[in-house]
Number of protein chains: 2
Amino acid sequence: MPTSHYGQPRYRAIADELRKRIESGVVPLGTLLPAESALAIEFRASRGTIRQAIATLREIGLVTTEHGRGTCVNPDFTAHIPNPVDEKAKRQRRVAAEPELAALLKVEVGATLIEDQDVTCRERKVEAVVRTYRVLNNPTGYA
Amino acid sequence: MPTSHYGQPRYRAIADELRKRIESGVVPLGTLLPAESALAIEFRASRGTIRQAIATLREIGLVTTEHGRGTCVNPDFTAHIPNPVDEKAKRQRRVAAEPELAALLKVEVGATLIEDQDVTCRERKVEAVVRTYRVLNNPTGYA
DNA sequence: AGAAATTTGTCCGTATGTATC
DNA sequence: AGATACATACGGACAAATTTC
């Protein structure tokens, strides 16, 4: 039964409940959460929904998950600081074509180019910065 | 915002983007694509849409999907014949981190970064130049 | 050292309800 | 009205890492 989710989706309610248990000490720091399959039975939800709930806890750094082992309550849990760096990093600007870019894109040196900047993250850390240069004409590149 | 696909459906645009990444070598042959759920987050699309995009790539034999494992870029994919422009453009070099990159990657200004350059082509024309910056990491992984 | 059990990761197919073009 | 897309949810299966016996 996919239950109509009018107010709050189930995975969020489950995530809240798990967070409460951690913060209240029912599940001590540094210990493993019950297995996904066990939680699925307890909450009468599918494993996918449980995983979604746990994913939200992982995003705020409350737990860490290891393949084949389990989901561990982060012992370093003090205050989670969501990282706004992703949003800041994402931006678009116009730059003048330097010789190499100009040659590749077949425009004159100094022509206006669109530079899109994005970052790829891993484990909430910036892993790489990607800059894409296009001719001002067609942003999507789709003809 | 459930859609604003001008002209082309979302799943096709995503398929095009993935194909570009494969053809430009951002996703090497023989490696796994990010999980459907990861792509869903990156493209801000639902899993269903991602699956639809991947399905089109599978139809043209660009990738193969294995149940429980992932979607693999077909190593036998030979349709991609790099033209001379690609070869010239593709290169790697080391650059000094300018302030913005340094801040994002959390290194000191002037630190050595790896810059990979690639081009994406369409109809034998260079469409965009992509530059990826990574920290020069040591092989052992230890500090 | 090796087999079995446990657990997470991923994919498959399907379904419901809503919203937009 | 139909096509597209979104978010949510289910259940089942296989793959891979880890732990236990």
Side-chain angles (χ1 to χ4, degrees), chain A residues 1-18 21-22 27 30-75 121-124 140 142, chain B residues 1-18 22 27 30-75 141:
Chain A
M1 264 60 94
T3 33
S4 41
H5 49 276
Y6 278 118
Q8 178 174 240
R10 298 198 63 195
Y11 75 89
R12 201 165 310 173
I14 293 173
D16 283 346
E17 171 60 26
L18 291 176
R21 291 188 191 176
I22 293 168
V27 183
T31 65
L32 292 177
L33 239 53
E36 292 170 354
S37 49
L39 292 172
I41 292 170
E42 181 191 338
F43 287 104
R44 294 182 212 283
S46 73
R47 209 186 125 209
T49 303
I50 299 296
R51 285 177 59 75
Q52 211 170 349
I54 290 177
T56 68
L57 301 181
R58 200 162 40 226
E59 269 172 27
I60 62 173
L62 189 55
V63 299
T64 58
T65 302
E66 285 170 71
H67 190 172
R69 183 154 179 271
T71 295
C72 180
V73 180
N74 189 354
C121 293
R122 195 168 206 102
E123 304 285 325
R124 307 191 61 72
T140 66
Y142 183 72
Chain B
M1 265 71 87
T3 347
S4 71
H5 59 93
Y6 296 116
Q8 125 175 291
R10 190 119 164 71
Y11 73 88
R12 198 174 310 236
I14 293 173
D16 281 346
E17 170 60 25
L18 291 176
I22 292 168
V27 183
T31 65
L32 291 177
L33 238 52
E36 292 172 353
S37 50
L39 292 173
I41 293 169
E42 180 188 339
F43 287 106
R44 298 191 214 293
S46 73
R47 207 190 118 213
T49 303
I50 298 296
R51 285 175 58 73
Q52 212 169 346
I54 290 177
T56 70
L57 299 181
R58 202 161 39 227
E59 270 172 27
I60 63 173
L62 188 55
V63 300
T64 57
T65 301
E66 285 170 69
H67 191 173
R69 183 158 177 269
T71 294
C72 181
V73 180
N74 189 355

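In what follows, chains carry the letters A, B, and so on, assigned in the order in which the sequence lines appear, proteins first and then strands, with residues in each chain numbered from 1.
For A/R47, no side-chain nitrogen or oxygen approaches OP1 or OP2 of D/dG12 to under 4.0 Å.
Summarising the geometry of A/V27 relative to A/V73, their closest heavy-atom pair is CG1-CG2, 3.7 Å, with the distance given to 0.1 Å. Smallest separation of non-hydrogen atoms from A/A40 and A/S46: CB-C, 4.2 Å. When all heavy atoms of A/A45 and A/I50 are compared, the closest pair comes out as CB-CD1, 4.3 Å. Smallest separation of non-hydrogen atoms from A/E42 and A/R21: OE2-NH2, 2.6 Å. Nearest heavy atom pair, residue A/L57 against residue A/A15, reads CD2-O, 3.7 Å.
Put simply, the side chain of A/I22 reaches to within 4.5 Å of the side chain of A/V63, judged on heavy atoms. Residues A/L62 and A/L18 have side chains not in contact (no heavy-atom distance under 4.5 Å, counting atoms from C-beta outward). A/R69 places a side-chain heavy atom less than 4.5 Å from the side chain of A/L32.
In this structure, of C/dC11, C/dT10, D/dA9, it is C/dC11 that holds the atom nearest to the side chain of B/T71. Counting only heavy atoms from C-beta on, A/Y11 has its side chain closest to D/dA9 among C/dG9, D/dC6, D/dA9. Distances were taken from every side-chain heavy atom of B/T49 (C-beta onward) to each of D/dG11, C/dC11, D/dC6; the shortest belongs to D/dC6.
The nearest heavy atom of DNA chain D to A/I50 and to B/I50 marks one nucleotide each, and the one closer to the 5' end goes with B/I50.
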message: Treating primed atoms plus P, OP1 and OP2 as sugar-phosphate and everything else as base, which nucleotides of nucleotides 16-21 of chain D get B, S or - for protein heavy atoms under 4.0 Å?
response: BBBS--
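Non-hydrogen atoms lying under 4.0 Å from DNA chain C are contributed by A/A35, A/E36, all within residues 34-42 of chain A.
Look at CD1 on B/I54: it is 12 Å from P on C/dG13, rounded to the nearest Å. Residue A/L33 contributes atom CG, which lies 13 Å from atom C1' of C/dT7 at whole-angstrom precision. Regarding A/Q52, its CD atom lies at a distance of 14 Å from the P atom of C/dG9, rounded to whole Å. To the nearest angstrom, C1' of D/dT8 lies 18 Å from CZ of A/F43.
A/R47 is linked by a side-chain hydrogen bond (donor to acceptor under 3.5 Å, both in side chains) to A/E36, counting only residues two or more places apart in sequence or in another chain.
If you check every strand for non-hydrogen atoms under 4.0 Å, A/G48 touches nothing.
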